[in-house]
There are 2 protein chains.
Amino acid sequence: MPIPTLDAFQVIGDPSRRKMLMLLSADSLTINSLADNFDMSRPAVSKHIKILQTAGFISIEDIGRERYCSLKKDGFEELQAWLEYFDAFWASKLKKLETLLNNKLPN
Amino acid sequence: MPIPTLDAFQVIGDPSRRKMLMLLSADSLTINSLADNFDMSRPAVSKHIKILQTAGFISIEDIGRERYCSLKKDGFEELQAWLEYFDAFWASKLKKLETLLNNKLPN
DNA sequence: TATTTGCGTAACTCAGAAGTTACATATACA
DNA sequence: TGTATATGTAACTTCTGAGTTACGCAAATA
């Protein structure tokens, strides 16, 4: 069976999960304190957190019966790499335009 | 009713749509020539294209009965802005670590 | 003009994802 | 030890969205 790795893009496609990441950018939070910021039930938040963890967006440290979530770089890097590919596209497009202009106006 | 603007993150959450963007990074393509690269039906591709266009990832130029798709920056910029926010997070985290280390080892 | 080609849309099916409630478990506290 | 707290999980419901087929229309072509 394939390792159940998650699609980073699909994972951040969910607005609730993005909001969770935003909240965690301000502070490390437990599942419950995270859930306070949402309308959904705590188990729903718990599931989202598991997804975010599996996809490498957060790490979790167990302290007693609490679980502290904090941001983790891995997940973000995958997105970054993808965007950088297209950055290169725009850059090369700009370069082609330059060349074109230079050839059209060789004065 | 709310303006049917699309969530850029949700839009690129779909692997097929990301593949379309990749294909368009190599060349401008018509709907049909795009569809050749996929297992799904042409109407399915057509829908994806409409979504990508609405979200600002591509622009479409009608030439006769054909529609040429090419990449458009707008959609990407929204993603970039989001990632940059978290870039700042990592940067500030690094800075805090530096400060911490400097205080702990003030020799 | 008749036919083919390139495409959009409507109506439908279906799977998956996100939510729920109910329950189980482990830790902290009285 | 008994209770409250923090959490995970299973089972279920519901809804969205991605796919399909069938159809219509405009442009190209014979």
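Just so we're on the same page: letters track the sequence lines, and every chain starts at 1.
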Exercise for review: Hey, could you give me each pair passing ring pair (Phe, Tyr, Trp, His ring centres under 6.0 Å) that has a residue in residues 9-36 of chain A? Not counting sequence neighbours.
Suggested key: F9(A)-W82(A)
Review point. Can you pull the ring pair (Phe, Tyr, Trp, His ring centres under 6.0 Å) pairs that have at least one residue in residues 10-40 of chain A, sequence neighbours excluded?
Key: none
Check your understanding: Do any pairs count as a side-chain hydrogen bond (donor to acceptor under 3.5 Å, both in side chains) and have a residue in residues 86-98 of chain B, sequence neighbours left out, and if so which ones?
Key -> Q80(A)-D87(B)
Study note, to complete from the structure: Residues pairing under side-chain hydrogen bond (donor to acceptor under 3.5 Å, both in side chains) where one sits in residues 29-48 of chain A, two or more places apart or in two chains, turn out to be R17(A)-H48(A), T30(A)-S33(A)
Review point. Linking Ile, Leu, Val, Met, Phe, Trp and Tyr through side-chain heavy atoms less than 4.5 Å apart, which residues share a cluster with Y68(B)?
Key: I63(B)
Point to revise | Verdict with supporting geometry, L79(A) and L79(B), side-chain contact (heavy atoms from CB on, under 4.5 Å) | key: CA-CA 9 Å; L79(A) 305 179; L79(B) 305 179; over 6 Å; no
Study note, to complete from the structure: Quick note, salt bridge (charged side-chain N to carboxylate O under 4.0 Å, His left out) partners involving residues 18-28 of chain B, not counting sequence neighbours, are D7(A)-R18(B)
Revision key, fill the gap. Residues 54-67 of chain A vs salt bridge (charged side-chain N to carboxylate O under 4.0 Å, His left out), sequence neighbours excluded, gives D62(A)-R67(A)
Check your understanding: What distance do D74(A) atom CG and F76(A) atom CZ have between them, rounded to the nearest 0.5 Å?
Key -> 10.0 Å
Taking only N/O atoms, report every protein-nucleotides 27-30 of chain D pair under 3.5 Å with atom names and distance.
from, atom 1, to, atom 2, distance (Å)
dA27(D), N3, R65(B), NH1, 3.2
dA28(D), O4', R65(B), NH1, 3.4

**Study point:** Residue list, side chain to side chain donor-acceptor pair (under 3.5 Å) with S59(B), at least two apart or on another chain
**Key:** none
Study note, to complete from the structure: With sugar-phosphate taken as primed atoms, P, OP1 and OP2 and all else as base, the protein-contact string of nucleotides 17-24 of chain D at under 4.0 Å (heavy atoms; B, S, -) is SSBBBB--
Check your understanding: Just the endpoints, please: which first and last nucleotides of DNA chain C, 5' to 3', lie under 4.0 Å from a heavy atom of chain B?
Key -> dT4(C) to dA11(C)
Check your understanding: Any idea which heavy atoms bring F57(B) and I12(B) closest together, and the distance?
Key -> CZ-CG2, 3.4 Å
Point to revise | Selection: residues 26-33 of chain B, any non-hydrogen atom under 4.0 Å of DNA chain D | key: none
Point to revise | Residue among L34(B), I58(B), L71(B), L29(B) satisfying side chain to side chain contact (heavy atoms under 4.5 Å, CB included) with M20(B) | key: L34(B)
Review point. Quick one: I49(A) CD1 to dA6(D) P, roughly how many Å, whole number?
Key: 16 Å
